[in-house]
Amino acid sequence: MSDNLTLPAQQGSTGASTETLLKVEGLTKHFPIYGGFPIKRKVGAVQAVDNVDLTVGVGESVGLVGESGCGKSTTGRLITRLLEPTGGRIEYAGQDITHAKRKQLAPVRSEIQMIFQDPYSSLNPRQTVGTIIKSPMEVNGIDPAGGREKRVRELLELVGLNPEHYNRFPHEFSGGQRQRIGVARALALNPKLIVADEPVSALDVSIQAQVVNLLQKVQDELGIAFLFIAHDLAVVRHFSQRVAVMYLGKVVEVGDRDSIYNRPRHPYTHALLSAVPEVAMDDETENRERIRLYGDVPSPIMPPSGCRFRTRCWKAQDKCATDEPPLVQISGNRDGHLTACHFPEDPTTESRGEDVVLDPALKALEESAGKD
Amino acid sequence: MPDGRHEPEQAIAGTGMGGTMDLGVDEAEALEKRPGGGGGPGPEGKPRSLWSDAWRDLRRNPVFIVFALVILFLVFISLWPSAITSGSPLTCDLSRAQEGSRSGHPFGFDGQGCDVYTRTVYGARTSVAVGVLATLGVAVLGSVLGALAGFFGGVGDSVLSRITDVFFAIPVVLGGLVLLSVITSNTVWPVIGFIVLLGWPQLSRIARGSVITAKQNDYVQAARALGASNSRLLLRHIAPNAVAPVIVVATIALGTYIALEATLSYLGVGLKPPSVSWGIDISAASPYIRNAPHALLWPSGALAITVLAFIMLGDAVRDALDPKLR
């Protein structure tokens, strides 16, 4: 294996970037379920991630959004190879890392780093901050100029912490500071890609902005590509150039930020955007569409046939149950804006003639309120 | 020493985002709330590590100091009992049987007319040897097997779990009666071997559960994502976070092993006279508790203090190894 990974020239099908850093094709992860007595055997599988295609360009930040349990985090952990993919292909800088062993991965490990959701469990409570940030260099045998300790101080300073807190333990810091330590650890090896798995969802709202700004600063200054996994659409909008929407293990829509937020086509994207709470002043008239879904995401053990969203979709027809819609560019979409839907919505988030309220309880409540 | 806020302008060299990089007020406060008056080693101080911090912490802990001295004393008299007693535990004078305390014989005499003080001092060797060596054996065997099973899982884990189930089903005293009665050697080794054989499944189960809990933490995943090897994951990340329950159970077990040796000796399958052990003396003195309580109380008291000392020591070490409790 060569350390000099050459980046293949890539036709820019995805807009912002010209070179592809990470390319994921047909990525699949099924967690087997064992049962039976006395001999356990495989009785099913949780289809956490099913046939996901995704690309991240050099220096690009891609958002991955979706409901809880839709496979976002699993996708992130597959890409960082914390989980072994069931199928598909992960290509980093032209190199297939889908089933690479630990030793083969070594040169790539330093270039793909991860930031975790929970700053309380992602830092070893029995190691000092210095040891935590130093360990990536130790593991990969990297000796920066001026010594590892100097580099740790630089990193602490870079993420806005006092370098003199080198010798402290994680419990002496607040959640936001701990997440900064996690960011410093991820930056220790000068990575080219950071997979951020809900990096701010465990933080206070006031601290979230600080950490997002830190990540954005890091991205701007160091040119690091990000796969930003989140369920908070506002944070993703702030951070990402391109956005992929996941539902039940599949990417249902992907496109540049403007297309997803202003010209969404997939009904699920419409529903997600409509669910973002907004503060409307009294004198403002609400002119956004209003969609309220009903029920939970179906079980990934027995996902619906055809389109996986059809059980909660107001536009579903017979075709949706039989044919799985491919992720393609449908007419009216911009370049790189792909949607997996047989009956796409209009590319607008303006309010429609009638609200789509699928929740019977909410509907009844609103009807009774309307009669008064 | 400088503490708390760090100047944001320095932190972000001219990005114009200083305002957002500023630490929140509560974050700065969190830093001020360091135990020990905002002290802590300065930037140029010695690097802190888990063990050096634990040791510094232990040296200031009076409970640790007291019980560590007790244990040091016990170890000392186990190695050189003649340093504090001039008599021999086997020199007995039946004419002085059950006599109370008198000059030169502070603990009095037992039913055979042996000096209780000398026998208690000499008995420490057996108890300390059985307790320490059996616990070491159990802890090493049990925690290594349990940690490997918990870390790697799979078939090996299932097999080990079933084996521990089998060992748990063996009643300790009955097993001791059966196994040790066929052994004629009158040394501590068969007793230690028997305790290790029956004791390791307990520690292995604790270690396994503890490792499984620790390995699910994100910091283990983070280290794995950095390319850390399995041995590094186990030794640097999992073991320090999984060792606390093992230490606690091992120190409590140490006490029970000393008591178990006494029980087996009492039943006649552990050590047998002329060996000297607290268990033998307790057993021998118990029929005369009304006539000569001192012959029972001194070895029993020594046993109780020894067990307590090891348990308290284990407790202090466990607390010192947890930075959150400092």
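A note on names: the letters A, B, ... follow the listed sequences, proteins ahead of strands, and every chain is numbered from 1. Bear in mind the structure is a predicted one, so any value in this text is a computation, not a measurement.
- Atom OH of residue Tyr120(A) and atom CG of residue Asn217(B) lie 14.5 Å apart, to the nearest 0.5 angstrom.
- Within the 4.5 angstrom heavy-atom criterion, no atom of Ile115(A) approaches chain B.
- In this structure a side-chain-to-backbone donor-acceptor pair under 3.5 Å is missing from Arg81(A) to Ala225(B).
- A 4.5 Å side-chain heavy-atom check between Pro125(A) and Tyr219(B) finds at least one atom pair inside the cut-off.
- In this structure, Arg126(A) contributes its side chain and Pro240(B) its backbone to a donor-acceptor pair below 3.5 Å.
- Listed options Val139(A), Leu189(A), Asp118(A) were ranked by heavy-atom pairs under 4.5 angstrom with chain B; first place goes to Val139(A).
- Counting non-hydrogen atoms of neighbouring residues, nucleotides and ligands closer than 6.0 angstrom, the NZ atom of Lys29(A) exceeds 12 such neighbours.
- Using a 4.5 Å cut-off on side-chain heavy atoms (C-beta onward), Arg236(B) and Ser135(A) make no contact.
- To the nearest 0.5 angstrom, Arg224(B) atom CZ is 12.0 Å from Leu105(A) atom CG.
- Between the CG atom in Asp218(B) and the OG atom in Ser122(A) there is a gap of 6.0 Å [rounded to 0.5 Å].
- Within the 4.5 angstrom heavy-atom criterion, only side-chain atoms of Asn140(A), from C-beta onward, approach chain B.
- Atoms CG and CE, on Leu226(B) and Met114(A) in that order, are 11.5 Å from each other to the nearest 0.5 Å.
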